[in-house]
Amino acid sequence: MTATAAQPRPTARQAERLWREYRESGDVRVRNQLVTMYAPMVRYIVYKKVRELPARCEVEDFLSCGLEALIASVDRYDPAKGATLEQYAWTRVNGAVLDELRRQDWAPRSVRRFERAAAGAGDRFQAVHGRRPTEAELAELLEVTPAQLRGKRQELAAADVTSLNAVVRSADEQGSVERLDTIADTGDEHDPEHRVTVSEAKARFRAAFDALPERDREIAVLLYVHNLTLREIGDRLGVTESRVCQIHSQLKRRLKGELADDAELLSAVG
Amino acid sequence: MTVRHGAFDDSPEAMPAEVTAAIDAAPARDRRLAALHRELHVETDADSGRSALQLRDADGVVLRTLSAEEALELLAGLDRH
């Protein structure tokens, strides 16, 4: 549901008044009022992207980055450009969090563009043929050689340190699958050595996952399998979304620690 | 099947009602904080440009420096009461 009111809400009008007061007086207390007014948008934007945060990153870094962007938006807002302060802040905070995600991302943007193109081509192929494309077919769709496709996939795998603790979402199904299970599309499924490696990697991951406290496991399943938001999980478990976020950060650290010795094995399977 | 991990969408969604409701609750939040004789202050370092969030009393005395997560949780907590 989105806010589509034609007239500015009273709070939006109040914010404009406060902003003009801050502009004229430079009073930081007025700026603080504006920052605390819009702070919930930072929390919402960051928590919404919590599944995309690389395993080594802390939520705090992204919240700080969002708050910095919010403060900057109050300082740099120009009503002459037509947007309301609220719209301007929303856009800037979104942009800053995305930029931070990209900055923390180990894959170049060109590789991420390729990833999106490959996903789109695969989806379109499936819509027509009712199955996923083979490696050769996908390479042809993307106008690259199979070797180039494998190279790009290796770059992506090297950049993706969350590869195995991320259960990926399916756009065309209600459920989700483990990232490991998506590897069959590469054509390696007939390679016995690869199958053994995948099987071993899965077993290691499951062992590490099973070693997590019950609440951590429950939160991981609700977040990655059922695709609930942090708030929905908090409501279900009777804790705040911040607490869920903290537990989620802890479980990522625990998994990372548990799987530290298996990095080579995990990177070999994608 | 689309693997969405790592693929970032550039266009922000429209602001959801959940966020506008939290923004609209700001005056009540301010009143609750004032009733506790507390204020949230954003201190920006002129050199680094980095910001620190401070919980101050009504006289401006710094009681605690908060992390972003703590500050946002404090504000969300005021909404819950």
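Keep in mind that the numbers below use all heavy atoms, side chains included, and drop hydrogens, waters and symmetry copies. Here is the naming used below: chain letters follow the sequence lines, and residue numbers restart at 1 for every chain. The structure displayed is predicted, hence computed values, not measured ones.
Interface residue D30(B): only side-chain heavy atoms are found under 4.5 Å from chain A. Heavy atoms closer than 4.5 Å to chain B are found in both the backbone and the side chain of E86(A). With a threshold of 4.5 angstrom between heavy atoms, R29(A) approaches chain B through side-chain atoms but not through N, CA, C or O. Looking at L53(B), only its side chain comes within 4.5 Å of chain A, counting heavy atoms on both sides. For a residue to count as touching a neighbouring chain, one of its non-hydrogen atoms must lie under 4.5 Å from one of that chain's; by this rule L75(B) touches chain A with the side chain only.
Taking 4.5 Å as the limit, some side-chain heavy atom of M15(B) sits within range of a side-chain heavy atom of I23(B). Using a 4.5 Å heavy-atom cutoff, the side chains of R56(B) and E43(B) are in contact. The shortest distance between side-chain heavy atoms of F125(A) and R132(A) does not fall below 4.5 Å.
Side-chain atoms of R64(B) never come within 3.5 Å of backbone atoms of L55(B) as a donor-acceptor pair (strictly under, hydrogens ignored). Side-chain atoms of N32(A) come within 3.5 Å of backbone atoms of V42(B) as a donor-acceptor pair (strictly under, hydrogens ignored).
Paired with C245(A) under the rule side chain to side chain contact (heavy atoms under 4.5 Å, CB included), one option of V59(A), L63(A), V46(A) passes, and it is V59(A).
Each of M41(A), Q87(A), R231(A) has some count of heavy-atom pairs under 4.5 Å with chain B, and the biggest count is that of R231(A).
Evaluation of the ring-ring contact (aromatic ring centres under 6.0 Å, His included) rule for H248(A) yields Y224(A) as partners, not counting sequence neighbours. Remark: R17(A) engages no residue in a salt bridge (charged side-chain N to carboxylate O under 4.0 Å, His left out) (not counting sequence neighbours). Legend: residues meeting ring-ring contact (aromatic ring centres under 6.0 Å, His included) with H37(B), ordered by chain and number and at least two apart, are absent.
Proximity to chain A among residues 67-74 of chain B is limited to S67(B), A68(B), E69(B), L72(B), E73(B), judged by heavy-atom separations below 4.5 angstrom.
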